[in-house]
Student: 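Questions regarding the structure given below will be posed in turn.
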2 protein chains.
Amino acid sequence: MSGTEDGRSRVATISDVARHAGVSTATVSRALNGVSTVDPALVARVRAAAEELGYRPNGLARNLRRQETAVLALVISDVENPFFTAIARGVEDVAQTAGYSVVLCNSDENAEKERRYIDVALQERVAGVVISPTDEWAGVEMLLRRGTPVVAVDRPLRAGTGDQVLVDSRAAARAATEHLIAAGYRRVGCVTGPAGVRTADDRLAGYRDALGRRKRRERRAEYRAAGGAAATRELLAGAEPPDALLVANSAMAIGVLETLRAEGLRLGRDVGVVAFDDVPWATLIDPPLTVVAQPAYEIGAEAARLLLARIADGTLPPTATTLEAQLIERGSSHRA
Amino acid sequence: MSGTEDGRSRVATISDVARHAGVSTATVSRALNGVSTVDPALVARVRAAAEELGYRPNGLARNLRRQETAVLALVISDVENPFFTAIARGVEDVAQTAGYSVVLCNSDENAEKERRYIDVALQERVAGVVISPTDEWAGVEMLLRRGTPVVAVDRPLRAGTGDQVLVDSRAAARAATEHLIAAGYRRVGCVTGPAGVRTADDRLAGYRDALGRRKRRERRAEYRAAGGAAATRELLAGAEPPDALLVANSAMAIGVLETLRAEGLRLGRDVGVVAFDDVPWATLIDPPLTVVAQPAYEIGAEAARLLLARIADGTLPPTATTLEAQLIERGSSHRA
DNA sequence: TTGAAAGCGCTAACAT
DNA sequence: ATGTTAGCGCTTTCAA
């Protein structure tokens with residue numbers, strides 16, 4: 001086994017293969033890339049030589065030459081949120097079949113970190129980016145300026161700047177709230193995410209739509225369990241505490257449910273709850289949790305399809321796809 | 001705004017910057033990379049020119065020249081498993097502070113997909129790989145042969161082939177089983193993952209250790225909710241069904257718990273349960289779930305540290321770090 | 001301190 | 001059908 005002093009074997013290059021097979025580097029390149037005009041006998045010889053030397057084409061050199069990469073970046077705001085990991089699977093599955101790899105970047109709901117990842121994506125010259133933008137403009141602008149195709153998921157971009165795949169959160173929140181009211185709850189409250197995060201704002205708006213002239217009971221907090229817990233405690237401490245809650249995110253829902261239990265309130269019976277995102281444990285709690293299920297996988301898949309189309313043809317007009325969420329009624333939103 | 005016909009602006013290269021600043025490309029390179037020997041005045045001029053042109057260094061070209069990248073690949077078997085996403089955060093946080101980006105690849109417990117991702121990693125010449133290998137050898141061999149630093153997490157590699165960060169699953173499984181026995185359960189069973197998946201095997205072995213000469217009630221199934229459900233149904237259908245279950249993975253636990261409920265069995269009281277991995281919803285179910293908590297974040301962080309060290313010095317001897325899991329007793333493993 | 005020039009490994013004109 | 005060669009954008013000797 002050939003090796004250098006630090007124990008690593010020297011990597012074979014295309015010219016090693018060429019020499020070994022007694023042909024030119026161009027022929028090696030053509031043979032290995034399946035260009036039809038190559039003599040089958042030579043192809044075989046080249047293949048054999050490549051095999052023997054353990055040759056792997058250097059993607060860096062190839063990409064530099066081709067001025068493109070077969071890599072997509074997926075920038076999401078929370079790797080630990082099942083909603084986003086489901087999106088990731090959708091993106092990955094579609095990308096995979098088209099021969100693209102997916103780089104997952106965790107922006108952590110942090111504009112600075114997002115910016116840094118976009119920077120890396122730009123430097124590495126990824127073919128395109130799927131992103132759940134922390135705001136409507138800041139980071140993505142860099143991409144647009146460079147002409148890197150972008151598709152936004154979950155949260156919108158400034159109008160007309162690129163493709164987006166969204167869910168009609170507002171309508172879904174409205175429907176969920178109406179369901180709670182129809183189920184007999186009289187003081188429906190809402191726990192949502194930070195102002196400026198579009199999904200949080202939309203879900204709150206939908207809640208208000210349904211509430212009409214009824215009294216609002218709403219709290220904002222970070223999209224995490226701790227945020228949900230704090231918001232719930234505040235709401236419960238009010239004069240006329242809510243007897244039902246619309247919760248804008250599944251991580252918050254954990255905090256909400258814990259708080260309800262700590263306060264000795266029975267789910268459904270004392271306080272009805274509907275939460276966004278269908279989580280695997282929804283049916284394990286008692287009573288099971290009513291949820292607004294978003295088609296996360298399909299969001300990712302569609303985003304990847306749009307991105308691939310735009311990579312193939314940069315002149316495509318920006319599209320906005322809106323998918324529907326589905327209310328799944330379970331025990332937590334019924335008194336019975 | 002300068003632009004080509006397809007609407008994308010031409011990207012500025014180092015020579016554009018050089019021309020703009022009236023210096024050579026070498027000076028631009030030195031100035032931008034902070035080489036100390038450059039006249040501060042020139043540095044300023046170069047910076048200004050780069051800024052004005054919106055110059056971003058082409059990472060591809062840089063990496064090709066430097067023969068290295070600041071990218072780590074993290075190949076995990078399930079992006080939707082909170083255990084792995086927690087590892088991902090650990091890896092990411094450490095990598096980030098060292099200036100590395102992390103590419104997350106989802107092998108989906110599929111050796112072929114794993115192989116393909118390793119191939120991409122090799123072609124893109126990533127600086128190193130953190131992987132939860134589907135088996136002890138196959139894919140990783142390619143990396144080792146090329147001298148790419150590798151650290152295995154969660155599952156071991158063939159002895160002496162690289163660094164690894166593991167958890168003492170066997171001891172933890174044993175302790176969990178002993179806990180169940182001490183709690184008064186008489187027919188403790190085990191639901192574990194597929195044969196050949198090391199963690200599944202280890203946890204089963206630990207279960208057997210604790211059981212001693214008692215009768216075994218064990219089932220293997222895929223590491224998913226459906227697997228857990230099927231295994232539980234089978235065990236329950238047996239002659240002397242288990243009155244307690246050690247479950248090797250949190251996804252399986254969902255299926256186990258659903259099945260128990262469907263069968264009308266009360267958690268804790270009728271059937272005690274301990275599951276691997278502390279999930280956020282563990283305290284939401286009734287009674288709350290007793291778990292074996294693995295230090296997932298720390299596994300990822302330590303793996304990244306080892307990888308970075310090995311990248312810096314390829315001659316380091318392989319190390320094997322074993323972290324401890326912690327049994328968190330809650331209601332599901334008590335009759336009371 | 002700065003510039004000129006070579007070259008990383010590959011692909012794609014162009015030539016044969 | 002195959003070979004020769006230029007050059008992708010950058011860093012880094014080597015000279016000046």
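Letters A, B, ... are given to chains in the order of the sequence lines, protein chains preceding strands, and every chain is numbered from 1. Just the heavy atoms: all of them, side chains too, but no hydrogens, waters or symmetry mates, feed the values below.
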Student: After noting the C-alpha distance and the side-chain angles of Val153(B) and Phe84(B), does the key distance pass the side-chain contact (heavy atoms from CB on, under 4.5 Å) rule?
Tutor: CA-CA 10 Å; Val153(B) 289; Phe84(B) 288 115; 5.6 Å; no
Student: On DNA chain C, nearest-nucleotide positions of Gln67(B) versus Ala26(A): which is more 5'?
Tutor: Gln67(B)
Student: Side chain of Leu42(A) only, please: which of dG9(C), dT2(D), dA5(C) is the nearest?
Tutor: dT2(D)
Student: Do Arg65(B) and dG9(C) have a side chain to base donor-acceptor pair shorter than 3.5 Å?
Tutor: no
Student: Under 3.5 Å, is there a donor-acceptor pair between the Tyr297(B) and Asp93(B) side chains?
Tutor: yes
Student: Assign Leu60(A) to base, sugar-phosphate, or nothing according to its heavy-atom contacts below 4.0 angstrom with the strands shown.
Tutor: nothing
Student: Counting only N and O atoms by type, is there a donor-acceptor contact under 3.5 Å from the side chain of Arg30(B) to the main-chain atoms of Val35(B)?
Tutor: no
Student: Of all the nucleotides listed (dC10(C), dC10(D), dA4(C)), which has the minimum atom distance to the side chain of Ser24(B)?
Tutor: dA4(C)
Student: Rounded to the nearest angstrom, tell me the gap between atom CD in Glu124(A) and atom P in dC10(D).
Tutor: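 Taking atom P of dC10(D) as the reference, CD of Glu124(A) is at 13 Å.
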Student: Whole Å only: how far is the CD1 atom of Ile14(A) from the C1' atom of dT11(C)?
Tutor: 8 Å
Student: Thr13(B) side chain: which of dG3(C), dA5(C), dG9(D) is closest?
Tutor: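 Closest nucleotide to the Thr13(B) side chain: dG9(D).
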Student: Rounding to a whole Å, what distance do you find between Arg62(B):CZ and dC8(D):C1'?
Tutor: 16 Å
Student: What's the CG-C1' distance between Leu53(B) and dG9(D), to the nearest Å?
Tutor: 15 Å
Student: Does a side-chain N or O of Ser29(B) approach OP1 or OP2 of dT11(D) to a distance below 4.0 Å, or not?
Tutor: yes
Student: For a quick check, tell me whether the side chain of Arg30(B) and the base of dG3(C) share a donor-acceptor pair closer than 3.5 Å.
Tutor: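 Yes, the side chain and the base share a sub-3.5 Å donor-acceptor pair.
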Student: Can you check whether Ile76(A)'s main-chain N or O pairs, donor with acceptor, with Ser107(A)'s side chain at less than 3.5 Å?
Tutor: yes
Student: Roughly, in whole Å, what's the span from CG in Asn63(A) to P in dC8(C)?
Tutor: 18 Å
Student: Given atom CD of Gln123(B) and atom P of dG9(C), what is their separation to the nearest angstrom?
Tutor: 15 Å
Student: Send over the distance from Asn33(B) CG to dT11(D) P, rounded to a whole Å.
Tutor: 5 Å
Student: Heavy atoms only: give me the nearest Arg66(B)-Asn33(B) pair and the separation to one decimal.
Tutor: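 Minimum heavy-atom contact is NH2-OD1, 3.8 Å.
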Student: Check whether any side-chain N or O of Thr27(B) sits under 4.0 Å from OP1 or OP2 of dT2(C), and answer yes or no.
Tutor: no
Student: Please compare Val38(B) and Leu64(B) by the position of their nearest nucleotide in DNA chain C and report the one closer to 5'.
Tutor: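 Counting from the 5' end, the first nearest nucleotide belongs to Val38(B).
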Student: Tell me: CG of Asn58(B) to P of dG7(D), nearest whole Å?
Tutor: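 The answer, rounded to whole Å, is 18 Å.
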